[in-house]
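First listed ligand is number 1; within each ligand, the first listed atom is number 1. Treat the numbers as computed from the prediction; the structure is a model and nothing was measured.
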Amino acid sequence: MTTAVPFLDLKAQYLTIKDEIGEALEAVLESTAFVLGPAVDAFEAEFARYAGVEHCVAVNSGTSALQLALLAGGIGRGDEVIIPAMTFIATAAAVEYTGARPVLVDIDPHTYTIDPELVEAAITEHTKAIIAVHLYGNPAEMDPLLEIARRYDLLVIEDAAQAHGAEYNGRRCGSLGDVAAFSFYPGKNLGAYGEGGAVTTNRSDVADRIRMLRDWGQKEKYHHEVIGYNFRMDGFQGAVLGVKMKHIESWTELRRSAASLYDELLGDSAELTIPTQRPNTRHVYHIYPVLVENRDAVKSELQTRGIATGIHYPCAIHLQACFKGMLQNGTDFPVASGLADRELSLPMYPELTASQSEIVCTGLRSVLPACVV
Ligand SMILES: *Cc1c(COP(=O)(O)O)cnc(C)c1O
């Protein structure tokens with residue numbers, strides 16, 4: 001029996017920061033600042049600096065961050081928002097929450113992010129924004145998207161939920177468009193110990209609007225300018241994230257080293273497609289995706305060997321039951337569908353050891369001949 005390798009190991013990371021976390025949570029308890037408060041303020045300042053922007057507004061989830069980014073951009077009923085056909089459901093759901101309609105565009109077969117060459121054909125008189133998703137921690141191809149957005153006067157929103165610290169042409173994801181949404185769901189590259197998210201932007205009008213919207217639409221207590229939301233971050237999450245900011249860069253480098261080792265151990269396999277990192281980008285490997293035929297068989301063979309894997313995601317947006325074909329418009333999205341059929345996510349977290357990575361690669365290579373014909 002080989003050693004088990006989990007897909008994710010949140011406990012391993014917790015053990016490395018246990019004392020700092022304990023002290024930070026204790027301070028919140030003593031302060032009784034349970035919602036927003038000094039720990040959240042300090043985290044916002046730190047995260048804005050990290051993302052290379054003027055403003056960070058912390059909220060209760062990445063989904064709320066997306067929703068508020070759209071609302072602050074004036075998106076609503078009757079509008080269309082272009083999104084990639086392969087992403088987590090939240091990207092599409094957040095558009096729906098505003099009353100606008102998501103319009104899908106297929107992804108690029110190498111970057112797995114929205115294909116800029118297909119965007120222009122999806123633009124109509126109702127199009128107001130493009131959401132670029134930095135899927136798996138790999139930056140979307142932003143320059144052509146920004147150029148199209150300038151020409152058609154569209155807002156560019158980054159879904160950076162998987163891309164903390166990722167870079168494109170030397171600039172951090174979260175600073176590349178008009179406004180960006182981050183998630184701090186526990187398994188993300190920067191994970192809270194509960195739900196959390198944030199909006200980043202250089203636009204002070206957008207930041208002010210989002211601060212108001214996350215807190216019941218009030219600027220002054222009990223004077224509500226607009227119907228807002230209860231989307232505030234809680235104090236414990238601010239404290240946990242504040243501690244983790246001290247480690248995010250070293251954890252990101254550990255992910256990148258683990259990815260390099262996978263590249264080295266799997267790169268010459270004819271049956272696998274490994275992820276590519278373009279030279280002008282810093283990929284932060286939220287996910288290490290390989291493409292393989294008969295993915296489900298490979299996955300279950302690995303599972304019997306004690307190697308856990310994931311699938312991100314098994315169903316493209318246009319095929320999700322909740323949308324019942326309503327986003328398809330007679331179009332197919334073959335690259336997104338192909339990714340859904342073949343993608344397999346290997347174990348990936350900063351604490352993954354070299355010997356664990358070797359077990360994963362040896363296991364994977366040994367099951368391929370029987371699974372891939
Ligand atoms: C996780 C994720 C979200 C949603 O974030 P939550 O904090 O879970 O609400 C949105 N988009 C993408 C691409 C994600 O991976």
## Note on the structure
Nearest heavy atom to atom 5 (O) of ligand 1, choosing from Ala198, Ser64, Ser183, belongs to Ser183
### Query
Between the side chain of Arg255 and the main-chain N/O of Tyr285, is any donor-acceptor distance below 3.5 Å?
yes
### Task
Check the pair Met142, Val156 against side chain to side chain contact (heavy atoms under 4.5 Å, CB included), reporting the backbone distance first and the verdict last.
CA-CA 9 Å; Met142 293 302 291; Val156 175; 3.8 Å; yes
### Summary
Partner of Gln13 under side-chain hydrogen bond (donor to acceptor under 3.5 Å, both in side chains), picked from His247, Lys18, Glu351, is Glu351
### Message
Looking only at distances, can you tell me whether any N or O atom of Gln162, backbone or side chain, sits closer than 3.5 Å to an N or O atom of ligand 1?
### Response
yes
### Query
Could you go step by step and tell me if Arg214 and Tyr229 meet the side chain to side chain contact (heavy atoms under 4.5 Å, CB included) rule?
CA-CA 5 Å; Arg214 79 167 167 185; Tyr229 300 84; over 6 Å; no
### Heavy atoms from other residues, nucleotides or ligands near CZ of Arg209 exceed 12 (cutoff 6.0 Å)
no
#### Entry: Atoms of ligand 1, numbered as shown, that sit under 4.0 Å from any heavy atom of Ala161
2 (C), 3 (C), 10 (C), 11 (N), 12 (C), 14 (C), 15 (O)
#### Entry: Geometric N/O contact Asp159 with ligand 1, under 3.5 angstrom
yes
### Query
Taking atom 14 (C) of ligand 1 as the point of reference, which of Lys188, His312, His286 owns the nearest heavy atom?
Lys188
### Query
With a 4.0 Å cut-off on heavy atoms, does His134 reach ligand 1?
no
### Task
Return yes when Ala94 approaches ligand 1 closer than 4.0 angstrom through a heavy atom, no otherwise.
no
### Summary
From the list Thr276, Ile287, Asn138, Leu291, side chain to side chain contact (heavy atoms under 4.5 Å, CB included) partner of Tyr112 resolves to Leu291
